[in-house]
Amino acid sequence: MALNDLTPQLRTQMDRVEKWVGFFVVIASLIALGAMSYYAYSTAVRKGWTKKKVPYFTLVSSADGFKVGDPVMLMGFKAGMITSIAPNAPGEYYNVTVQFDIWEPYYGYLWNDSDVRLKSGLLGGKTLEVSKGGQSNMDIKLSATYKEENGKFYVWQDPSGDEEEGKWSSEPIDKNFMGYMLFCYESTDVMKSANDLVNKVSEGLPGVLSLTNKISELLEESTRLMSSANGTVKELEPIVYNVQAITSILTNQHGGLGEWVIPPEMNREIVDILGSVKGTVQTSETNLVMLSQNLNETLVNLAQITSNLREQVQANSYMLSSISSLVLDLDDLVQGLKRNWLLKGSFSPQTNAPPQSVLRPTLGGKRQ
Amino acid sequence: MKKVRESLYLACVIISGLFFVGCSTPAPEPVPFPVHEVDLLEATAVKVMEAGNWKASEETWKEVARKYALLDRRDRQAVALHNQSYSAFKNGNYEAARALASEAASINLQGSEWWKNQILLLQIEQKTSQASRQKKMEELLSLAETSNLEEKETALWVLLQNEYGSGLLREGAPDKANAVIQRALEKVSAVDRSTAWALNSNLSETEEALGRYDAALTSWNKLLEEAKELADRELIATALAGQGRSLWGLGRDYEAIMILQRAAKNFQWLGMEKEGSELFELIEQYMIKSAVPRESNMTYIDTKTADSEEGQ
């Protein structure tokens, strides 16, 4: 319906509404545009698009753990970003070339003695970390890697061949320039060995600790034993003294204790009695050994019986638990069927009226 | 492409169907175990009572009442107490029955259940104290009149009138009893067949008492047929007894004694020894009066017929 078809009042009202709607749309569009702009700016800042940057590259044995866009760190700061990861030719010593950009002002920290180190993350990722120049104690002429003149970057060329000193490139770098090469220290093997060593030490540590615990316990026991022995020795001192006194008496032939207490006849009888007692004790010992053997066998049989009983009880308990599970599962099944719209009618609750009070009329004038 | 589209449609239909079929209402709330337990016990009590096992019925209703008391279901507890009282009444424990019915009435306080309790108390009083029964009857009749029980609870009013009429019959006022029961029979449509049968039975007895044996015999014949339809052996025995008494009144002594003997036997087979022995005493009195040789008559008992009636 066209706006002209409306009444003047309605047309005025619609005009006002249209104005508000237009205002709202404009405001909303501006807000959306602002948000998008801010997002684009923050992304550009995050990715270093707004900053000056210079290229570097390094050589590593494996690209495992790297990906393009990963940050390059310097002194804990995000100083750049990996731009390319490419495998080298098969005959080359190093396997992979990793190119990265370093943003301003961080490239000023990188000198010709700077290097790259690989930092392993917890989840298997790796991070490139470049080191600040001037800390290597290398016997070379130190220089920055790049210098900027008139808005153009010139790269430092290290000496090669017969050259004694390095020099700045005569031409500024262009887009095709691969970058300044930084040596990469891949100390992964050493780290791995160290890690293995630490792991082995960690594994062995509980054993060592338990050994030291045992040694400690042993020493404590020894100390305790020595203190007990000390007490015992002290207690033995009067006994030794008494024994010494008795033996001194016994050495006296006339009035010696044996002769005085036990006459020769009695001594003979005692020897006979002791012989018979010895025989009795030996017989008893034999009987006791046999008895203990029989008792042992009986106990073994009893143990077997109880173990059989235990097995039976266990088997029954398994059976009972199985039956119990079956009943529970069946109950679950029926409960589930009860909820199904198609079947719930079959499980409708009983609608029988509750029982009422029973009252029967009296029959007859005499009977009841 | 077409096949893919058809397959997608089919998959959608199947998934929708499964969803629709799988749609379910929330599970009903599970009945708590104590409630379920008392439901089962109550059903058992009803079955035991219907079977006429009054001793077991008394015990079971006692347990039901206890459990309802624990669940604080006072209304159901009152019903259980009433039924326990009725069972005790049938067992001859009149004092216990009176206490239980009174307890049920104290819970109900008013309403149809209270009236049921009161009518049961009337039946119990009839066995224990005629004086208190009469007093209670008067109170109830007055209350029924003022509360318009005839219109509100017609069935209970009919039952109350039946109690009143049978009481009058026992007190030796058959004409009044006849009038009361006749009036109650006007509202017979409000009660079940057994109650209607009882009313007609009591009316027939009033006819007997008034000496109208023809009418009584006709009525008893009809009641016997109806009792057979109801398949109630107690009613059959009662109708036979009524037939016998009416026949005796009509002078048909031999037939009367034969039928009375069948009725007495039926009561005995039902375990209603008291009713059976009362009938045997009546038969003996009739025999003495009619001078029928006792031994000769006893040989003519048609046990086959009695068996067949008992079987129904």
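Each chain gets a letter, A, B and so on, in the order the sequences are listed, and its residues count up from 1. What you are looking at is a predicted structure, and each value in this text was computed from that prediction instead of being measured.
- The minimum heavy-atom distance between Leu363(A) and Thr238(B), with the atom names listed, is CD1-OG1, 4.3 Å.
- In this structure, the portions of Leu120(B) lying under 4.5 Å from any heavy atom of chain A include both its backbone and its side chain.
- For Ala190(B), the side-chain contact (heavy atoms from CB on, under 4.5 Å) criterion is met by Thr154(B), not counting sequence neighbours.
- A 6.0 Å sphere centred on NZ of Lys119(A) holds no more than 12 heavy atoms belonging to other residues, nucleotides or ligands.
- In this structure, Gln123(B) contributes its side chain and Leu359(A) its backbone to no donor-acceptor pair below 3.5 Å.
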Distance-only donor-acceptor hits, side chain of residues 27-41 of chain A, under 3.5 Å, sequence neighbours excluded:
unit_1, atom_1, unit_2, atom_2, d
Ser29(A), OG, Val25(A), O, 2.7
Ser37(A), OG, Leu33(A), O, 2.7

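- Neither the backbone nor the side chain of Leu168(B) comes within contact range of chain A; no heavy atom of the residue lies under 4.5 Å from a heavy atom of that chain.
- The minimum heavy-atom distance between Pro355(A) and Arg76(B), with the atom names listed, is O-NH2, 2.8 Å.
- Scanning residues 100-115 of chain B against chain A with a 4.5 Å heavy-atom cutoff picks out Glu113(B), ordered by number.
- Both the backbone and the side chain of Val79(B) come within less than 4.5 Å of a heavy atom in chain A.
- Formation of a donor-acceptor pair under 3.5 Å by the Asn117(B) side chain with backbone atoms of Ser357(A) is not found in this model.
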Derivation of the side chain to side chain contact (heavy atoms under 4.5 Å, CB included) call for Thr362(A) and Arg170(B): CA-CA 11 Å; Thr362(A) 302; Arg170(B) 271 189 295 276; 3.9 Å; yes
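- With values rounded to the nearest 0.5 angstrom, Asn162(B) atom CG is found 14.0 Å from Arg360(A) atom CZ.
- For Tyr164(B), the OH atom sits in a loose shell: 12 or fewer heavy atoms of surrounding residues, nucleotides or ligands are nearer than 6.0 Å.
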Contacts under 3.5 angstrom, residues 295-303 of chain A side chains, donor-acceptor by atom type, not counting sequence neighbours:
unit_1, atom_1, unit_2, atom_2, d
Thr298(A), OG1, Asn294(A), O, 2.7
Asn301(A), ND2, Glu297(A), O, 3.4

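- Environment of NZ in Lys136(B): crowded, with over 12 heavy atoms of neighbouring residues, nucleotides or ligands closer than 6.0 Å.
- The parts of Thr195(B) that come within reach of chain A are both its backbone and its side chain, each placing non-hydrogen atoms under 4.5 angstrom from that chain.
- Nearest heavy-atom pair, Met49(B) versus Val358(A), reported as atom, atom and distance to 0.1 Å: CE-CG2, 2.9 Å.
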